[in-house]
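When a residue number appears, it is its place in the shown sequence, counting from 1.
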Amino acid sequence: MNSAELIIDAKAGLGEGSIWHSRQNLLYWIDIMVGKLHAYDPVTKKNETFEVGQYIGTVVPSRTDAMFMALHHGFARMDFPSKKVTMIADPESDHPNIRFNDGKCDPAGRFWAGTMELKAEPKAAKLYCLDADLNVRKMLDDVTISNGIVWSMDHKTMYYIDTVTKRVDAFDYDLSEGTIHNRRTAVTIPDGQGFPDGMTIDAEGMLWIAHWGGGCVTCCNPRDGKLLQTIRVPASQVTSCAFGGPDLNHLYITSARDSLTEAQLANEPHAGGLFCVEVDTKGIKAYEFAG
């Protein structure tokens, strides 16, 4: 069993959204509730921080120099070097207590991101897709905490997490249309191992799942649901993971500290940190937004 090592003692309240930008060789990650977007350079060890002005749920690279984000009040883009944030669309404009949470781009360059109610009201949220023409489509209703989302190597399956279900679900995926159907369970998280949060996929099609309340990232085979590997993290609230580095064989892991008591923080002083571990497999390049 491998263990992740601390690389930034960030003490983030709700660190999340790790994603490797292969063209820039930077790890982007976020601190949701303070609206901060971070860019970490593992060569220089510099972590640059950008303020986005509202809660930030996730960030993805684009085929231009801009980064696209899902914020409290909808989809947005940040242009560089100006760092100007421009709102694109807010499909939840009538529900101010709903914010965007996790998301990623599919292999065709569509930006999928889901929402959650600020107090995690059951089934109050949804999953959306932002197409390259900036049209927003609602893809799922009755979501509680929308989280990890990835696509299989053949692009025919989408894997998705609604955290409270303690499952990773699979959908048949139509890449040409960007549609999903035939929902079923791929992985079930056993009792006592926390809740599934962020997720990534390796080049062999195995799922790597961050465990909120479980202090680990697990690698599971989505074809049979079997546990293959566990990476221990010295923080209980593990939130996301992403393959990065020149060979995509370093797993970067975010964590949170806001929900912990003083006693818990004494036992895990690096909660909210950014961690990393070298693994024996490689990830795939993050898909970029096509808009």
Side-chain angles (χ1 to χ4, degrees), residues 17-23 28 57-64 67-70 75 100-114 126-140 143 146-162 165 167-187 196-210 217-226 228 240-245 247-249 251-252 279 281-291:
S18 53
I19 191 166
W20 180 257
H21 196 311
S22 293
R23 289 186 289 109
Y28 283 86
T58 195
V59 59
V60 296
S62 74
R63 297 176 185 177
T64 66
M67 299 296 289
F68 282 74
M69 304 172 291
F75 291 99
F100 270 88
N101 201 46
D102 205 1
K104 287 189 180 72
C105 290
D106 76 2
R110 305 177 187 92
F111 184 9
W112 288 67
K126 299 175 178 66
L127 176 66
Y128 293 96
C129 178
L130 178 69
D131 292 322
D133 63 2
L134 305 186
N135 178 60
V136 178
R137 292 179 290 143
K138 183 179 69 175
M139 309 308 295
L140 283 178
V143 174
S146 191
N147 256 313
I149 185 169
V150 296
W151 287 264
S152 62
M153 294 301 96
D154 63 5
H155 306 162
K156 293 181 178 179
T157 305
M158 186 184 87
Y159 298 105
Y160 172 72
I161 291 169
D162 182 354
T165 67
R167 300 191 313 262
V168 179
D169 287 345
F171 294 83
D172 292 341
Y173 196 70
D174 185 327
L175 184 63
S176 63
E177 299 293 330
T179 55
I180 52 177
H181 64 282
N182 188 27
R183 186 174 190 168
R184 67 267 187 197
T185 299
V187 177
D197 200 319
M199 176 171 60
T200 191
I201 193 167
D202 67 27
E204 298 176 356
M206 302 298 105
L207 303 179
W208 295 71
I209 304 161
V217 172
T218 57
C219 175
C220 296
N221 186 335
R223 291 184 284 274
D224 58 16
K226 289 185 178 179
L228 304 176
S240 78
C241 52
F243 288 100
D247 297 321
L248 294 175
N249 66 338
L251 190 70
Y252 290 94
V279 293
T281 188
K282 294 184 178 182
I284 60 171
K285 291 182 179 180
Y287 300 120
E288 299 177 335
F289 183 58

Report task. Search all heavy atoms of A108 against all heavy atoms of A290 and return the closest pair with its distance. Result -> O-CB, 3.9 Å

Report task. Search all heavy atoms of I161 against all heavy atoms of R167 and return the closest pair with its distance. Result -> CG1-O, 3.8 Å

Requested in this report: Locate the shortest heavy-atom distance separating P222 from L207; write the atom from each residue and the value.
Outcome: CB-CD1, 3.7 Å

Query raised in the report: R223: what forms a side-chain contact (heavy atoms from CB on, under 4.5 Å) with it, not counting sequence neighbours?
Result: M206, N221

Query - Atom pair CD1/OH of I19 and Y28 - distance to nearest 0.5 Å - result: 10.5 Å

Query raised in the report: Hey, what do you get for CG (L127) to CD1 (I180), rounding to the nearest 0.5 Å?
Result: 6.0 Å

Report task. Indicate yes or no for a side-chain donor-acceptor contact from S240 to the backbone of G198 under 3.5 Å, with no hydrogens or angles considered. Result -> no

Query raised in the report: Does N249 have any side-chain contact (heavy atoms from CB on, under 4.5 Å) partners at least two apart in sequence or in another chain, and if so, which?
Result: D247, E278, K282

Query - D224 side chain vs K226 backbone, donor-acceptor pair below 3.5 Å - result: yes

Report task. To the nearest 0.5 angstrom, please state how far the CZ atom of R110 sits from the CH2 atom of W151. Result -> 9.5 Å

Query raised in the report: Is the distance between the ring centroids of F243 and W208 under 6.0 Å?
Result: yes

Query raised in the report: Any chance the rings of Y159 and F171 have centres within less than 6.0 Å?
Result: no

Query raised in the report: Quick one: does L248's side chain get under 4.5 Å of K285's, heavy atoms only?
Result: yes

Report summary line: Looking only at heavy atoms, the pair that brings T58 and G103 closest together is OG1-O, 3.0 Å

Requested in this report: Determine yes or no for a side-chain-to-main-chain donor-acceptor pair under 3.5 angstrom, with D102 supplying the side chain and G148 the backbone.
Outcome: yes

Report summary line: Rounding to 0.5 Å, atoms NZ (K104) and OG1 (T200) come to a distance of 5.5 Å

Requested in this report: Evaluate side-chain contact (heavy atoms from CB on, under 4.5 Å) for I209 paired with V168, printing each intermediate quantity in order.
Outcome: CA-CA 9 Å; I209 304 161; V168 179; 3.7 Å; yes

Query raised in the report: Do F111 and F75 have ring centres separated by under 6.0 Å?
Result: yes

Report summary line: Tested for ring-ring contact (aromatic ring centres under 6.0 Å, His included) against W112, the lone hit among Y160, Y173, Y287 is Y173

Report task. Determine whether D202 and I284 make a side-chain contact, defined as any pair of heavy atoms from C-beta on separated by less than 4.5 Å. Result -> no

Report summary line: CG of D174 to NE2 of H155, rounded to nearest 0.5 Å, is 13.0 Å

Report task. Measure from the side-chain N and O atoms of R23 to the backbone N and O of P61, and report whether any donor-acceptor pair falls under 3.5 Å. Result -> no

Report task. Over all heavy atoms of both residues, which pair between G114 and S146 is shortest? Give the atoms and the distance, please. Result -> CA-OG, 3.2 Å

**Report entry** S22: partners by side chain to side chain donor-acceptor pair (under 3.5 Å), with sequence neighbours left out
**Finding:** none

Report task. Kindly determine whether L130 and F289 satisfy side-chain contact (heavy atoms from CB on, under 4.5 Å), including the steps that lead there. Result -> CA-CA 9 Å; L130 178 69; F289 183 58; 3.8 Å; yes

Report task. Applying side chain to side chain donor-acceptor pair (under 3.5 Å), name anything that partners R183, two or more places apart in sequence or on another chain. Result -> D169

Query raised in the report: Residues two or more places apart in sequence or in another chain: which of them pass side chain to side chain donor-acceptor pair (under 3.5 Å) with T165?
Result: none

Query - Partner set under side chain to side chain donor-acceptor pair (under 3.5 Å) for Y252, not counting sequence neighbours - result: none

Query raised in the report: Hey, is D172 close enough to R184 for a salt bridge, meaning N to O under 4.0 Å?
Result: yes

Query - Spacing of SG belonging to C219 relative to CG belonging to L228, to within rounding of 0.5 Å - result: 4.5 Å

**Report entry** Backbone of L134 reached by a side-chain donor or acceptor of D131 within 3.5 Å
**Finding:** no

Query - H21 vs M67 side-chain heavy atoms within contact, under 4.5 Å - result: yes

Query - Donor + acceptor pair across side chains of N101, N147 (<3.5 Å) - result: yes

Report summary line: In terms of heavy-atom contacts, I149 and M158 come closest through CD1-SD, 3.7 Å

Requested in this report: Determine, step by step, whether L140 and K138 satisfy the side-chain contact (heavy atoms from CB on, under 4.5 Å) criterion, reporting the C-alpha distance in whole Å, the side-chain angles of both residues, the deciding distance to 0.1 Å, and the verdict.
Outcome: CA-CA 6 Å; L140 283 178; K138 183 179 69 175; over 6 Å; no

